[in-house]
Novice: 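Let me give you the structure first, and then I'll get to my questions.
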Protein chains: 2
Amino acid sequence: MASGEETFQAYLRRQGLKTTRQRTAIAREFLSSHRHITAEGLHRSVSRKNPAIGLVTVYRTLKLLAQAGVAKERRFGANESCYEPAAAGGHHDHMICKICGKIFEFENVKIEGLQDRVAAEHGFLIQDHKLELYGVCRGCRKVKPGARRRK
Amino acid sequence: MASGEETFQAYLRRQGLKTTRQRTAIAREFLSSHRHITAEGLHRSVSRKNPAIGLVTVYRTLKLLAQAGVAKERRFGANESCYEPAAAGGHHDHMICKICGKIFEFENVKIEGLQDRVAAEHGFLIQDHKLELYGVCRGCRKVKPGARRRK
DNA sequence: CTTGATGCAAATTATTTGCATTGTC
DNA sequence: GACAATGCAAATAATTTGCATCAAG
């Protein structure tokens, strides 16, 4: 069971790329910051301990992490890309609350099974998938904002 | 059964917005061009008959169409947003081929049922969802590019 | 005739690239 | 020591906004 960091290092070696101080720092920070983070956000985290690292390097390293299979790029409704560590323990999907913006994760094996079946019916080979449910989360449902103003 | 165009007009009136020549032209073109189109692409189409309409207006109108519920914004792996007419006849999802870039549509009621169940378990109210399968389509599977070069 | 809509150019945002310098292998 | 990696600034790409002018209600 290779840790994300090991997988990344192995990928670099395999590709004849170099293991640099900044790549290691970025990868480590990324892997320890569970759940979706933006390039900008990751750069902020990394900068705390390592102010000399540039945003550009974070972008480049995130791309490498994705290629290594350690990071997954996600793009929710927003304008900027999020990355998240590729969960060692299986794939998960997201529910995004349109009110508070919170993102909830879930896993459902049956849905994945059906996806496989649909793909098979079309002769399509699935490599990856994204399922996002947009709506209102439990917390925000309680609030009932406005509830249709009466004239 | 209101056509997309009628729905849009109604939305404009309801919001106290104006029905302009360009909005009508853009909406009509959009609705007749089935399946995902980018702002740029739609502008190209519209320009053919109506060269004076600016790209900016297309962007603004697409946003209105989305608010009116007539258009759905989608964002596949790519960098730019696609819009597609909100299918009058039910929701559909997408399979995107990573090789040739083609996008296939499919519909699966069982998956949607499971989504509802998962959401319910979390007290989440679904308003919309996106399911995208990324992989290799039938056509591209036949080609086998490279098939792991032997050293 | 009032107020929103358009179109242009300029601004923003997210991301990428050119290039001189630096650090790994 | 070679050659990839970094960081800066500048370049792109997609989209948005300010503003003077125009047109729908």
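Letters A, B, ... are given to chains in the order of the sequence lines, protein chains preceding strands, and every chain is numbered from 1. Just so you know, these numbers use all the heavy atoms, side chains as well, and skip hydrogens, waters and symmetry mates.
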Novice: For the pair made of CG in A:Leu42 and C1' in C:dT15, what is the distance, rounded to whole Å?
Specialist: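 To the nearest whole Å, that distance equals 15 Å.
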Novice: Please state how far atom CG in A:Leu55 lies from atom C1' in D:dA9, giving the value in whole angstrom units.
Specialist: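 Roughly 13 Å, once rounded to whole Å.
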Novice: Among D:dA2, C:dA9, C:dT15, which nucleotide has an atom closest to any side-chain atom of A:Arg75?
Specialist: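 Of the candidates, C:dT15 comes closest.
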Novice: A:Asn79 has a side chain; which of C:dA14, D:dA4, D:dG7 sits nearest to it?
Specialist: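 The answer is C:dA14.
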Novice: Reckon A:Ala52 touches a base, only the sugar-phosphate, or nothing at all at heavy-atom distances under 4.0 Å?
Specialist: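 Sugar-phosphate, backbone atoms only, no base.
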Novice: Phosphate oxygens OP1/OP2 of C:dT15: is one of them under 4.0 Å from a side-chain N or O of A:Tyr59?
Specialist: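 So the side chain of A:Tyr59 is within the cut-off, an N or O lying under 4.0 Å from OP1 or OP2 of C:dT15.
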Novice: Send over the distance from B:Leu62 CG to D:dT16 P, rounded to a whole Å.
Specialist: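 Interatomic distance, CG of B:Leu62 to P of D:dT16: 10 Å.
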Novice: Might you work through the side-chain contact (heavy atoms from CB on, under 4.5 Å) test for A:Lys130 and B:Tyr134, ending with a clear yes or no?
Specialist: CA-CA 8 Å; A:Lys130 296 180 186 174; B:Tyr134 295 87; 3.9 Å; yes
Novice: Run B:His91 and B:Glu112 through side-chain hydrogen bond (donor to acceptor under 3.5 Å, both in side chains) and show every step you take.
Specialist: CA-CA 9 Å; B:His91 185 88; B:Glu112 314 225 331; 4.6 Å; no
Novice: Find which nucleotide of DNA chain D each of A:Gly16 and B:Glu40 is nearest to by heavy atoms, and output the residue with the more 5' nucleotide.
Specialist: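 In this pair, the answer is A:Gly16.
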Novice: Can you identify which nucleotide, out of C:dG7, D:dT16, D:dA5, has its nearest atom closest to the B:Ile53 side chain?
Specialist: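 Selected nucleotide (nearest to the side chain): C:dG7.
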Novice: So for atom NZ, which belongs to A:Lys102, do other residues, nucleotides or ligands contribute more than 12 heavy atoms lying within a distance under 6.0 Å?
Specialist: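 No.
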Novice: Under 4.0 Å between a side-chain nitrogen and a carboxylate oxygen: does that hold for A:Lys72 and A:Asp128?
Specialist: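 Salt bridge flag = yes for A:Asp128 with A:Lys72.
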Novice: So, is A:Thr20 near the phosphate of D:dT6, with a side-chain N or O under 4.0 Å from OP1 or OP2?
Specialist: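 Answer yes for this pair, as a side-chain N or O of A:Thr20 is under 4.0 Å from OP1 or OP2.
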Novice: Using the side-chain heavy atoms of B:Thr57, tell me which of these nucleotides is nearest: C:dT16, C:dG7, C:dT3.
Specialist: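 My answer, after comparing the listed nucleotides, is C:dG7.
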Novice: Classify the nucleic acid contact of A:Thr19 as base, sugar-phosphate or nothing, counting any heavy atom under 4.0 Å across all strands shown.
Specialist: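 Answer is sugar-phosphate: A:Thr19 comes under 4.0 Å of backbone atoms only.
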Novice: Tell me: CD of B:Gln9 to C1' of D:dA24, nearest whole Å?
Specialist: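 Distance, rounded to whole Å: 13 Å.
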Novice: Looking at C:dT16, I'd like to know if its phosphate oxygens (OP1 or OP2) sit under 4.0 Å from a side-chain N or O belonging to A:Lys63.
Specialist: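 Yes, within the criterion.
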Novice: Parallel, tilted or perpendicular: which fits the ring planes of A:His94 and A:Phe76, with parallel below 30° and perpendicular above 60°?
Specialist: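 Answer is perpendicular, since the angle exceeds 60°.
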Novice: Could you give the distance separating C:dA11 and C:dT15 at their P atoms, to the nearest angstrom?
Specialist: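 It comes out at 22 Å once rounded to the nearest Å.
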Novice: To the nearest Å, give me how far apart CD1 (B:Ile26) and P (C:dA5) are.
Specialist: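 One finds 13 Å between P of C:dA5 and CD1 of B:Ile26, rounded.
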Novice: Could you tell me whether A:Lys110 atom NZ has more than 12 heavy atoms of other residues or ligands within 6.0 Å of it?
Specialist: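 Check fails, neighbour count at 12 or below.
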Novice: Of all the choices, D:dT6, D:dT15, C:dA5, which nucleotide is nearest to the side chain of B:Glu80 once you look at every atom?
Specialist: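 Selected nucleotide (nearest to the side chain): D:dT15.
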Novice: Expressed as a whole number of angstroms, how long is the span from B:Arg21:CZ to D:dG25:P?
Specialist: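 From B:Arg21 CZ to D:dG25 P: 13 Å.
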Novice: Does the base of D:dG7 carry an N or O that pairs as donor and acceptor with the side chain of A:Arg60 under 3.5 Å?
Specialist: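 Check passes, donor-acceptor contact within cut-off.
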Novice: Among the nucleotides D:dA2, C:dG7, C:dT15, which one has an atom lying closest to any side-chain atom of A:Lys18?
Specialist: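 Given the options D:dA2, C:dG7, C:dT15, the side chain of A:Lys18 is closest to D:dA2.
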Novice: Side-chain N or O of A:Ser81 versus OP1/OP2 of C:dT15: is the shortest distance under 4.0 Å?
Specialist: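 Yes, A:Ser81 has a side-chain N/O under 4.0 Å of OP1/OP2 on C:dT15.
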Novice: Whole angstroms only, please: what is the CD-C1' distance between A:Gln22 and C:dG23?
Specialist: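 A:Gln22 atom CD is separated from C:dG23 atom C1' by 8 Å.
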Novice: Among D:dA14, C:dT17, C:dA9, which nucleotide sits nearest the side chain of B:Val56?
Specialist: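 For the B:Val56 side chain, the nearest candidate turns out to be C:dA9.
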Novice: What is the separation between atom NE2 on A:His43 and atom P on D:dT6, rounded to the nearest whole Å?
Specialist: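 My rounded result for the distance is 12 Å.
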